[in-house]
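In what follows, chains are A, B, ... by sequence order, proteins preceding strands, each numbered from 1.
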Amino acid sequence: MPVHNADVASIFDEVADLLDIEGANRFRVRAYRNAARTIGQLSQPVADLLAEGKDLSELPDIGDDLAGKIEEIVETGTLSLLDELEQQTAPALADLMRIPGLGPKRVRALHEALGLTSAEELKRAAEAGRVREVEGFGEKLEQTILDRLEAAGAEERRWLLATVEPVVESLVAHLEAHDAVEQIDVAGSYRRRKETVGDLDVLALSDDGPAVVAHFVEYEDVDEVVQQGDTRSSVVLRSELQVDLRVVPPASYGAALLYFTGSKAHNIRLRDRAIEDGLKLNEYGVFRAEDDDGERMAGATEEEIYDLFDLPYIVPELREDRGELDAAADGTLPDLVTRDDLRGNLHTHTTDSDGRASIEAMAEAARARGLDYLAITDHSPNVAVAQGLDADGLREQIDAIDRLNDELDGIRLLKSIEVDILKDGSLDLPDDVLERLDLRVCAIHSSFDLPEDDQTERVLRAMDNPLFNIWAHPTGRRLNERPPIALDLDRLMEAAVERGCFLELNAQPERLDLSDVYCQRAKELGLKLALGADAHWESGLDALPYGIDQARRGWLEADDVLNTRPWSEIAPLFDR
DNA sequence: GCCGTTTTCGGCCCGACTGTTTTCAGTCG
């Protein structure tokens, strides 16, 4: 039973929760949370690191003690400390902390006063009016808890970046219409271009906080005003998306933008740096640590704050505490890929399978978007719902593309296919027709639930075929809908490098497959990625910027993405 | 429990808002 990084992270998180409720030293609690985060976003499996004899205490936030605990988890699948904690404290109490408004102190108070151990019991107690009797609680808090318990049924929701884009557009327009507003920025994970966002963090540049807040809560789409102060407010829109607003004056706008863009981990590292220099960084600026009302040393822009710490500007996409501050200090920040670097698209469907536009229409759409080449990659027969092309159908399409290339100006069509990797690792079309193509994109669309070892073997066998070029949407995940399939992705990425294969970064907003962390891992391994729009109609090509966002979050430079190069340069790479 | 140009102890990010309280604790981001 392989132990994944997520398993280790989840055990540490639960330890942190239970220690927190027990009232343990809060820095000890934080140590477990930090460790969970470090392990959770590590690109390489911690089990592999151990197998290679690496010293885990060299990882950030991991010391000798936690290194030993990780080893215990990898070897046994469990942690004895967690078992002990679960015997001392009801494990379900950790779940109660997920309810907004309830932290460790209140959960513990409820447990001690009323003997509660579950959300269900809490609901009954609140309905019976017993929660208000507990010291530190009152009627309002009791009602809030009931409301939140109600809402918790809908569980925490994360929104696709592409879903919130139109919301952002109209909300920003509403806010900018107010005279007191000089500038609006949407910060948070939206600005970091994370694949999903939990809420929107909006920053308004203005000297009149109350007026802007009042204007904000009047936005027509607001369903509920959660809080409203002089400089801050939170609302829930009718779509259930929460929006937090902060109003900030010019002198501290950059500090606030930095602060509310996050990530939290990046900010904490930056504050640590400030403390080392005898300074204090908060959302108002950088100050000398010793004087409380001292002069602001920086704060109007993000640039001047980084500059004060002798750092170059760090773009929001990199602010995840995955080494960007060290890279900035060393002058080794990546020169990130941009949309303008893209020369072609390597994943396109047409009406020949499940696309909604003809080859000609897709070619025109690609040319209109500044691309020089476009790989036509319709499905193979195994994807029956898509009416995939069989060998004869593909031969016809090959001939049609040859004819079109003679006619078309300013765009080159590439003969390709999105061929299925069948359950036994073979490809879904005969070699003699696949050989006639410029390149082959291979993907899994069936048997998602194989055990990890079998699934890994399946892809390895497919890669052994020299006609295998690009592995499309490798994990098959669909955000909010379908989890990634069980795979040893690390091993498969190494295998791809050895065999001269490539992986796709699928740009569809609900896929974004590979994840940012695996993009970064690919770069470390020297594995080049193909950015694919997976377009099924003309505007499907507009998914490319989301793929670029993800690539940038994965530290990729233009050289790391195959289709930033002209076709003549990459064509030989597909001839293994 | 981690960490170190303040290195083996004594620190550990910080301010706004809410609800409960008469001056603050808890939670959140």
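- Considering only side-chain N and O atoms, A:N282 lies under 4.0 angstrom from the phosphate OP1 or OP2 of B:dG15.
- Nucleotides B:dG19 and B:dT23 place their C1' atoms 14 Å apart, quoted to the nearest Å.
- Interface remark: the A:Y259 side chain does form a donor-acceptor pair with the B:dG29 base, using a distance-only criterion of under 3.5 Å.
- Here B:dC14 presents its P atom at 6 Å from CZ of A:R271, a figure rounded to the nearest Å.
- A:Q242 comes within 4.0 angstrom of no nucleic acid atom, judged by non-hydrogen atoms across all strands.
- Annotation: side chain of A:R232 is not in contact with side chain of A:V213 (no heavy-atom distance under 4.5 Å).
- At a threshold of 4.5 Å between non-hydrogen side-chain atoms, the residues A:R273 and A:L311 count as touching.
- Of the P atoms belonging to B:dG4 and B:dT8, the separation is 13 Å, rounded to the nearest Å.
- In this pair, A:F12 and A:Y32 present their aromatic rings perpendicular. The plane angle is above 60°, beyond the 30 to 60° band.
- If you measure from atom CG of A:L325 to atom C1' of B:dC13, you get 14 Å, rounded to the nearest angstrom.
- Nearest nucleotide to the side chain of A:R28, out of B:dC17, B:dG1, B:dG26: B:dG1.
- On the C1' atoms, B:dT21 is 15 Å away from B:dC17, given to the nearest whole Å.
- Picking from B:dG26, B:dG1, B:dA16 the nucleotide with the shortest atom distance to the side chain of A:R232 gives B:dA16.
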Detail all sub-3.5 Å separations between protein N/O atoms and N/O atoms belonging to nucleotides 8-12 of chain B.
none

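- As rounded to the nearest Å, B:dT22 and B:dG11 have P atoms that lie 30 Å from one another.
- Backbone-only contact: A:D230 has heavy atoms under 4.0 Å from sugar-phosphate atoms and none from a base.
- Relative to the side chain of A:K280, the nucleotides B:dG19, B:dG1, B:dC14 differ in distance, and B:dC14 lies closest.
- No contact: A:R26 has no heavy atom under 4.0 Å from any strand.
- Rounded to an integer number of Å, the gap from A:D64 CG to B:dC2 P is 7 Å.
- Using modelled atom types and a 3.5 Å distance limit, the side chains of A:Y190 and A:E165 yield a donor-acceptor pair.
- For B:dT27 and B:dT20, the P atoms lie 13 Å apart once the distance is rounded to whole Å.
- Between A:E317 atom CD and A:D516 atom CG the span is 11.0 Å, to the nearest 0.5 Å.
- With rounding to whole Å, A:I268 atom CD1 is found 10 Å from B:dC14 atom C1'.
- A side-chain donor-acceptor contact under 3.5 Å links A:D147 and A:Q143.
- Here the rule is side-chain contact (heavy atoms from CB on, under 4.5 Å) with A:L325, and of A:L270, A:L333, A:D330, A:D272 only A:L270 fits it.
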(Q) Test side-chain contact (heavy atoms from CB on, under 4.5 Å) on A:R191 and A:V186; report intermediate values, then the result. (A) CA-CA 6 Å; A:R191 184 160 179 252; A:V186 180; over 6 Å; no
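- Considering only side-chain atoms of A:K105, the nucleotide from B:dG29, B:dG19, B:dG26 that sits closest is B:dG26.
- Using a 4.0 Å heavy-atom criterion, one finds that A:T231 contacts the sugar-phosphate atoms exclusively.
- Contact check, A:K69 against B:dG1: a side-chain N or O comes under 4.0 Å of OP1 or OP2.
- Here the CG-CD1 distance, from A:N34 to A:I39, works out to 11.5 Å after rounding to the nearest 0.5 Å.
- The listed nucleotides are B:dG29, B:dG19, B:dC17; the one nearest the side chain of A:Q227 is B:dC17.
- Straight-line distance from the CD atom of A:E283 to the C1' atom of B:dG29: 10 Å, rounded to whole Å.
- Contacts of A:L270 with the nucleic acid, taken as non-hydrogen atoms under 4.0 Å apart, are absent.
- Phosphate contact (OP1/OP2 of B:dG29, side-chain N/O of A:K264, threshold under 4.0 Å): absent.
- Nearest nucleotide to the side chain of A:Y284, out of B:dA16, B:dT20, B:dC2: B:dA16.
- A gap of 14 Å separates the C1' atoms of B:dC28 and B:dC13, to the nearest Å.
- The distance from atom CG of A:L505 to atom CG of A:L512, rounded to the nearest 0.5 Å, is 7.0 Å.
- Where pairing requires Watson-Crick or G-U contacts shorter than 3.5 Å, the helical stems of DNA chain B with at least three consecutive pairs are B:1-4 with B:9-12, B:14-19 with B:24-29.
- Looking at A:D201 and A:R246, a side-chain N of the basic residue comes within less than 4.0 Å of a carboxylate O on the acidic one, giving a salt bridge.
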